[in-house]
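Model, not experiment: these values are computed from the prediction.
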Amino acid sequence: MRQLPLDLPPIESLSRDDLVVTRSNQMAVEAIDQWPHWRHNVLLIVGPEGAGKSHLAQIWADAAGATMVRPHDAGEIAGEDGFRAVIDDIDRTDLSDEELFGIVNAARLGHGWLLATARTPPVEWRGRLKDLVSRLSAAAFARLDPPDDALLSALLVKLFADRQLAVDPQTVDYLATRIERSAGAARKVVAELDRAALSEKRRITRPLVRQVLGIGEGQT
């Protein structure tokens, strides 16, 4: 008899101890580690969806005691001397361009520090306030690349651990080379494997990985 799995969200840890540094994220990690000695009071981290931008933003927020900016908070935060603030996904936030410009400009003038993340650089934004794009284009910039082999394997280990699942390294490496190279794909397949293992009361091993990925006999 199969067990009906409960679709409970895992508790995902975003601490510094969970961060694995490889060539794909080294530039951004070094950038946040240089605070408070940034050469510019605004740091923009750009990378594709699931590359680890939010993780890095949370690490810096914890280290700097920064506030996550919400709609209608930007003006109040920008008015505080020495503020430290984070705007995650600044290219798709609910904050207005005017609110964003206010806090970006305040940081640029030395009244505080701002870390922002985005999927694309400001020069690719369309229909946005020109002064905002100009200020952010002049900010310190760090790029996150899609996960390399080492980072993707480490991410899979972390995602399994977040669900309290023990998976042997050989199975993790096998899985890492057979999924899309993105954090989003890793999260999706780990969730699918968790459900399948619980439903069938099986450990997560290579045969289950092959089953979930639809890898048939004779395929590698």
Side-chain angles (χ1 to χ4, degrees), residues 10 12-35 37-64 66 68 85-93 100 104 107 113-126 128 132-162 167 169 171-193 209 213:
E12 187 169 353
S13 176
L14 295 177
S15 72
R16 182 59 188 257
D17 291 341
D18 296 303
L19 181 67
V20 176
V21 181
T22 70
R23 285 185 296 178
S24 64
N25 65 359
Q26 184 175 2
M27 179 186 191
V29 172
E30 290 176 350
I32 65 170
D33 281 347
Q34 289 171 5
W35 184 85
H37 305 294
W38 289 351
R39 62 181 179 84
H40 194 291
N41 281 37
V42 180
L43 172 63
L44 179 63
I45 297 177
V46 176
E49 181 182 5
K53 300 184 297 297
S54 296
H55 191 171
L56 290 176
Q58 186 61 59
I59 288 172
W60 182 76
D62 291 341
M68 296 289 182
V86 171
I87 303 177
D88 204 11
D89 288 328
I90 195 171
D91 51 344
R92 55 192 62 233
T93 180
L100 292 174
V104 169
W113 290 271
L114 173 67
L115 185 149
T117 71
R119 296 184 187 180
T120 57
V123 292
E124 296 181 13
W125 301 356
R126 297 292 179 265
R128 305 298 297 270
L132 172 64
V133 171
S134 174
R135 297 292 192 278
L136 284 173
S137 296
F141 178 85
R143 178 174 293 281
L144 273 174
D145 294 324
D148 55 24
D149 289 344
L151 186 56
L152 187 58
S153 292
L155 175 61
L156 287 167
V157 170
K158 176 187 177 300
L159 292 171
F160 283 128
D162 287 341
V167 182
T171 299
V172 170
D173 290 342
Y174 179 83
L175 176 61
T177 58
R178 287 160 178 81
I179 62 172
E180 176 188 317
R181 195 176 297 277
S182 73
R187 288 188 177 90
K188 180 180 178 182
V189 75
V190 166
E192 291 173 350
L193 285 166
V209 169
L213 295 183

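For the pair Leu175/Leu213, a side-chain contact is recorded, criterion being any heavy-atom separation below 4.5 Å from C-beta on. Between Arg178 and Val209 the shortest side-chain heavy-atom distance does not fall below 4.5 Å. Residues Ile90 and Leu136 are in side-chain contact: their nearest non-hydrogen atoms beyond the backbone lie under 4.5 Å apart. Proximity of Leu193 to Val167: side-chain heavy atoms (C-beta onward) are nowhere separated by under 4.5 Å.
Scanning for side-chain hydrogen bond (donor to acceptor under 3.5 Å, both in side chains) contacts around Glu30 gives Gln26, with sequence neighbours left out. For Thr93, there are no side-chain hydrogen bond (donor to acceptor under 3.5 Å, both in side chains) partners at least two apart in sequence or on another chain. Among residues two or more places apart in sequence or in another chain, the side-chain hydrogen bond (donor to acceptor under 3.5 Å, both in side chains) test is passed with Thr120 by Trp125. Applying the salt bridge (charged side-chain N to carboxylate O under 4.0 Å, His left out) criterion to Asp173, with sequence neighbours excluded, gives no partner residue. By the ring-ring contact (aromatic ring centres under 6.0 Å, His included) test, Trp60 pairs with Trp35, Trp38, sequence neighbours left out. Taking Ala161 as the reference, nothing meets the side-chain contact (heavy atoms from CB on, under 4.5 Å) condition, with sequence neighbours excluded. Taking Ala85 as the reference, Val69, Ile77, Phe83, Ile103, Leu114 meet the side-chain contact (heavy atoms from CB on, under 4.5 Å) condition, with sequence neighbours excluded. Scored by the side-chain contact (heavy atoms from CB on, under 4.5 Å) test, Ala51 finds Pro48, Leu144 as partners (sequence neighbours excluded). For Asp148, the side-chain contact (heavy atoms from CB on, under 4.5 Å) partners are Thr22, Arg23, Ser24, Ala150, Leu151, not counting sequence neighbours. For the salt bridge (charged side-chain N to carboxylate O under 4.0 Å, His left out) test, no residue two or more places apart in sequence or in another chain qualifies with Arg135. The salt bridge (charged side-chain N to carboxylate O under 4.0 Å, His left out) test applied to Glu49 returns Arg119, not counting sequence neighbours.
Side chain of Lys53 to main chain of Gly47: a donor-acceptor pair is present (N/O by atom type, distance under 3.5 Å, no hydrogens or angles).
Residue pairs satisfying the side chain to side chain donor-acceptor pair (under 3.5 Å) criterion with at least one member in residues 137-147, sequence neighbours excluded, are absent.
Closest approach of Pro147 to Ser182, counting heavy atoms only: CD-CA, 4.1 Å. Residue Ala118 comes nearest to Leu44 through the heavy atom pair CB-CD1, 4.2 Å, listed as atom of the first residue, atom of the second, then distance.
Partner of Ser54 under the side chain to side chain donor-acceptor pair (under 3.5 Å) criterion, out of Asp89, Asp88, Thr117: Asp88 alone.
Atom CG of Asp91 and atom CZ of Arg128 lie 7.5 Å apart (nearest 0.5 Å). Taking CD1 of Ile45 as the reference point, atom NE2 of His55 lies at 11.5 Å (rounded to 0.5 Å).
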